Visitor: 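Starting off with a structure, shown below.
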Amino acid sequence: MAKPITTIKKIEVSQEEKRKQNLLEIEQALADNKEAVLEGIACLRKLHDAGVLEIANALLARKDQVLENVVKEVSRKPNIDVLKNIVNLLMLLGTIDLEKLQVMSTRMNAGIQEAAASVNKEETTSIFQLLSALKDPDINRSITMLLHFLRGMGKS
Amino acid sequence: MGNVTITVNGGEITARENQYLLQALLEHEMDVPHVCYHESLGAIQTCDTCMVEVNGELVRACSYKVQEGLVVETETSKVKESQKLAMDQILKNHELYCTVCDKNNGDCTIHNTVKALGIEHQSIPFQPKPYEVDYSGSFYRYDPNQCILCGRCVEVCQDVQVNETLTIDWSREQPRVIWDNDVPIDQSSCVNCGQCVTVCPCNALMEKSMLGEAGFLTNVEPGTLRSMINLTKEVETGYGSLMAISDTEAELRKERIKKTKTVCTYCGVGCSFYIWTKDRKVLKVEPTPESPANGISTCVKGKFGWDYVNSEERLTKPLIREGDHFKEVEWDEAIRYVAKRFKEIKDAHGPDALGFIASSKATNEESYLLQKFARQVIGTNNVDNCSRYCQSPATVGLFRTVGYGGDSGSFSDIASSDLVIIIGANTGESHPVLASKIKRAQKLYGQKLLVFDLRKHEMAERADMFIRPKPGTDLVWLSAVTKYIIDQNWHDEEFIKERVNGFEQYKSSLEPFTLEYAEEVTGISKDTLIKVAETIHQSKTMVICWAMGVTQQQRGSDTSTAISNLLLVTGNYGKPGTGAYPLRGHNNVQGCSDFGSMPNFFPGYEKVADEKVRSRYEKAWGVTLPKNPGKDNHQMVKAIHEGALKALYVTGEDMGIVDANINQVGAAFEKLEFFVVQDLFLTKTAQYADVVLPASPSLEKEGTFTNTERRIQRLYEALPPLGDSKPDWQIYCMLAKALGFNWDYQHPGEIMEEAASLAPLFAGVSYDRLEGFSSLQWPVEKDGTDSPLLYEDRFPFADGKAQLYPLQVDYLYDVDEEYDLHVNNGRLLEHFHEGNMTYKSQGISRKTPNAFIEISKELAEERRIQEGAIVKLISKYGSVKGPVHITDRVQKHEIFIPLNDTGELAINRLTGNHADRDTNTPAYKEIAVKMVVLKEKGDSPIRPNNHRNGKRNPQIGVKVEKKWERSDYTFPGSKVKIHG
């Protein structure tokens with residue numbers, strides 16, 4: 001004769017036992033991840049020494065207020081301009097064609113080497129020498145390249 | 001539609017004639033931007049972003065029909081300019097703050113389109129609209145400020161769900177989406193199916209469970225959030241950088257939001273979807289176009305009804321009865337104890353002293369294991385499932401006539417049929433997603449709908465003909481209509497000659513069913529019956545859907561047979577758009593029977609009495625199996641009272657509430673020597689148990705469910721089992737092991753493999769073939785060929801022919817002078833069954849907190865009672881008490897009670913012991929009562945914010961012409977031409 005019942009007696013897990021079980025799980029996790037844990041501790045140590053942890057804790061504790069302040073501050077006109085400039089600069093960097101720039105810079109390096117070699121020579125160049133230097137294919141290439149560069153830069 | 005060739009950007013592609021151009025282009029993976037177009041909704045034509053050039057003209061690709069020889073350009077500057085102009089109009093209505101938006105999950109249509117178009121700046125600045133955000137509803141909110149007025153939500157509400165709540169009011173200076181005639185969401189006719197939220201291309205409509213949860217930066221104080229939005233806009237020089245940052249944030253979200261494919265655990269439609277979870281929190285449910293049964297559709301339960309999974313009331317440890325209370329124990333103690341008691345009882349009284357009841361909520365694999373447990377481990381065929389309470393009569397009716405106990409086709413056949421007849425089924429509330437398909441076919445494509453029911457439910461209201469027969473007389477009108485059709489020579493002679501046996505004998509058995517006789521018995525006039533016959537005759541194809549209104553009667557099997565007879569006589573089997581559809585009520589009521597939890601069948605409906613079949617299982621399982629069919633649920637309860645059944649093991653079934661005449665069922669439980677219940681909660685049934693085992697629901701396990709279309713679909717584990725609860729299959733394995741059988745299944749896939757190797761019906765079923773959203777409809781051949789439509793070539797009988805089955809009428813139910821009222825009962829849309837899952841949803845309960853008693857205006861006047869009166873209904877078996885709701889859904893002396901109550905209004909306090917004579921399915925629908933008025937009036941049991949009080953606003957689509965007529969509208973194409 002089993003009458004319907006609704007009371008449930010829960011298994012009482014004592015605080016001590018719960019603690020033991022938790023510690024066991026933690027110990028297991030530590031043992032399974034020895035390398036990562038040790039590295040993590042080293043990292044924590046450095047963060048602590050540098051006082052970063054303290055700041056981070058304080059920031060997190062007051063995160064709503066902090067976020068509001070940060071957003072407010074950052075939203076001031078001069079700061080917005082700074083951010084805008086950063087974004088613009090990043091954009092500018094993004095537009096430079098690095099592959100072509102590399103060709104140019106190799107050539108420039110060669111030029112700089114030649115130039116560096118002539119720094120200590122007491123040498124001058126007359127108009128005539130300059131004109132006949134155009135016959136030298138290396139110099140002619142350089143001049144032509146510079147002329148193209150000037151044309152490109154001046155384009156509207 | 002034939003194929004044609006068109007030229008796109010100089011190259012030729014093949015498309016179907018009259019197909020919409022955008023669809024053709026997308027099929028060829030040509031990226032044309034589009035915002036309002038949705039593959040499941042088609043062209044809405046509000047956004048103008050899909051502009052392309054056709055033969056030099058700018059047109060909307062979404063609504064332009066493909067013809068031979070079109071010359072299409074999608075990349076010209078004219079095209080690009082007009083697309084950008086269109087997008088400008090959209091962004092005027094939508095503020096882009098993606099990084100701090102909960103919709104930023106990689107699937108925001110606006111975000112992705114802005115990115116694809118490479119839009120950097122907006123020429124028309126964003127303007128907030130003068131409307132408040134509407135947070136009033138239970139489950140979702142509408143933000144008019146973010147709404148781009150694309151109309152997808154309206155389209156889905158009007159023409160897919162066909163609840164007809166949403167419209168866009170184009171006449172206002174600032175148009176917006178409105179609910180009903182502009183009331184708050186909570187006060188409207190909205191049924192919370194959630195489909196508007198699913199299709200919203202941005203964050204205008206959002207699940208409340210997503211807000212502040214999905215993003216990393218979205219859960220900040222509103223003021224700060226506003227400043228952050230402004231800052232984002234100030235700093236980001238163009239949308240490009242905004243997109244880059246928010247895309248990164250969206251990537252990060254993937255790390256903590258898990259998306260798992262699952263199959264809904266409520267009704268038999270079998271909706272599948274992704275469920276988004278963050279730890280144990282359910283963020284949202286996302287159906288997708290690839291969901292085979294439902295596409296993008298859901299109902300309120302599947303979309304929002306998941307709170308029960310994390311309910312505080314879940315059992316998390318096994319319980320053993322100890323005097324006047326249960327004590328929690330560890331698993332090994334519980335298993336050892338159950339095994340010991342089972343063994344003692346089996347040794348003392350034989351294996352047939354034990355009985356097993358499987359759950360139609362559990363998976364196919366679990367049904368397979370429980371019947372295997374009963375047969376192999378214990379040695380009894382005493383195993384059954386809850387389809388006994390509902391659908392067994394339909395199965396018998398189909399076995400007799402056509403051979404397979406399942407729907408003859410797929411939902412697509414129902415949707416494409418010329419004529420749908422619904423008998424005794426409240427499809428709109430019991431199978432809402434299927435109902436939507438019928439409502440859509442009727443609203444847009446001229447499908448005819450005939451409804452036979454006592455109660456004027458939603459489908460009845462929408463029907464072309466709604467007919468109210470007297471309770472329990474469907475067999476008579478069905479036979480009379482069939483006879484009339486044959487008498488008129490309207491039957492399908494060729495089909496009958498080629499494919500059906502027993503016509504002459506059947507025809508003569510119909511002699512008594514004259515129209516006059518039918519009119520007298522059913523109360524349906526002769527003219528109406530003739531009109532029904534004519535409608536059937538004029539329709540090329542017909543399907544008949546039925547449910548509990550037919551099966552839960554003493555003649556349930558015979559009436560189901562009569563339905564199938566009518567379909568055979570009219571040739572409505574084996575071709576698209578035809579067939580019999582007994583709509584299964586639970587997610588896996590079909591599969592639970594399919595996989596063998598029945599007293600007379602092995603998996604795949606092979607008889608236990610069949611020597612050959614039995615020896616196959618004996619060989620596989622290494623034991624001798626009992627050959628006599630076992631007891632069904634009904635007989636088990638009887639056997640307990642008689643003292644023959646000593647132990648019962650019930651999985652996931654609140655028998656103490658859902659079986660008929662619960663007064664008697666409760667008494668039976670008390671008599672058991674040993675009673676084990678496996679469930680999520682301490683149900684009414686579990687309260688009688690000696691041991692309660694905590695099970696895990698669908699979201700916490702893997703397995704498969706089979707929907708009403710015979711469609712097998714996989715579910716995956718979205719959450720780990722709560723506490724120490726376990727999936728049923730693991731519990732069965734532990735018990736079998738404790739009783740000396742080495743059940744070593746590591747994964748449900750292995751169980752399915754075993755079942756498929758033994759049951760020819762599932763020969764080709766495997767987890768690989770069911771990966772993700774793939775599905776299989778049985779029978780499945782070894783090579784994986786499945787059967788969306790049955791009987792195309794043959795019926796599964798020896799000579800391949802169907803059988804007409806003669807019937808007589810020898811019993812009619814009626815009320816009498818003392819018990820003068822007829823009680824009908826059934827489901828409500830928003831609650832499921834006895835409600836132990838859905839009442840846990842606060843959003844549902846606040847709108848529908850309890851069951852009620854629906855009575856007609858006539859009866860209210862006769863008994864001088866008003867809305868909210870409290871009455872007591874007394875039957876021969878018991879009584880219930882509850883508040884009255886007066887409505888014209890019921891008529892005269894007919895009363896309706898939703899079956900979602902476990903307390904004073906639990907319907908089965910009224911039901912008796914009679915049952916269908918062929919299947920023992922309780923005749924739940926045959927209840928005669930008398931009424932005692934306890935209080936004459938009171939508060940209405942229907943809350944003011946219940947959708948039943950809303951006022952629908954039907955129209956077709958979003959009425960985009962009204963947008964085009966506005967003086968502030970210009971077609972982007974014309975603008976480009978003026979400038980260009």
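Naming convention: chains lettered A, B, ... in sequence-line order (proteins, then strands); numbering from 1 in each chain. Excluded from the calculations below are hydrogen atoms, water molecules and symmetry mates; all remaining heavy atoms, backbone and side chain alike, are included. Bear in mind the structure is a predicted one, so any value in this text is a computation, not a measurement.
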Visitor: Return the OG1 to CD distance between T7(A) and Q687(B), rounded to the nearest 0.5 Å.
Guide: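 Result: 9.5 Å between the selected atoms.
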
Visitor: Is any side-chain heavy atom of I5(A) closer than 4.5 Å to one of R321(B)?
Guide: yes

Visitor: Counting only heavy atoms closer than 4.5 Å, note whether V329(B) contacts chain A via side chain, backbone, both or neither.
Guide: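 Backbone of V329(B) only, per the 4.5 Å heavy-atom cut-off to chain A.
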
Visitor: Is it true that, when you exclude I127(A) itself, more than 12 heavy atoms of the residues, nucleotides or ligands shown sit nearer than 6.0 Å to its CD1?
Guide: no

Visitor: So does M145(A) have more than 12 non-hydrogen atoms from other groups sitting under 6.0 Å from CE?
Guide: yes

Visitor: May I ask you to test the I8(A)-L682(B) pair for a side-chain heavy-atom distance under 4.5 Å?
Guide: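 Answer yes - side chains close enough.
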
Visitor: Heavy-atom count around R62(A) CZ within 6.0 Å, excluding the residue itself: above 12?
Guide: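 Check fails, neighbour count at 12 or below.
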
Visitor: What part of E330(B) gets within 4.5 angstrom of chain A, counting heavy atoms only: side chain, backbone, both, or neither?
Guide: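 Both backbone and side chain of E330(B) come within 4.5 Å of chain A.
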
Visitor: Give a yes or no on whether E54(A) atom CD has more than 12 heavy-atom contacts from other residues, nucleotides or ligands under 6.0 Å away.
Guide: no

Visitor: Considering only heavy atoms, which portion of K317(B) lies under 4.5 Å from any heavy atom of chain A: side chain, backbone, both, or neither?
Guide: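 The answer is the side chain of K317(B).
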
Visitor: Give me the contact list for residues 9-32 of chain A versus chain B, heavy atoms only, anything under 4.5 Å, ordered by residue number.
Guide: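 So far as heavy atoms go, K9(A), K10(A), I11(A) are the residues that approach chain B to under 4.5 Å.
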
Visitor: Is there any ring pair (Phe, Tyr, Trp, His ring centres under 6.0 Å) pair reaching into residues 655-688 of chain B, and which pairs are they, with sequence neighbours excluded?
Guide: Y337(B)-F674(B), F342(B)-F674(B), F669(B)-F675(B), F669(B)-Y688(B)

Visitor: For the CZ atom on F216(B), are there more than 12 heavy atoms of other groups (residues, nucleotides or ligands in this structure) within a distance under 6.0 Å?
Guide: yes

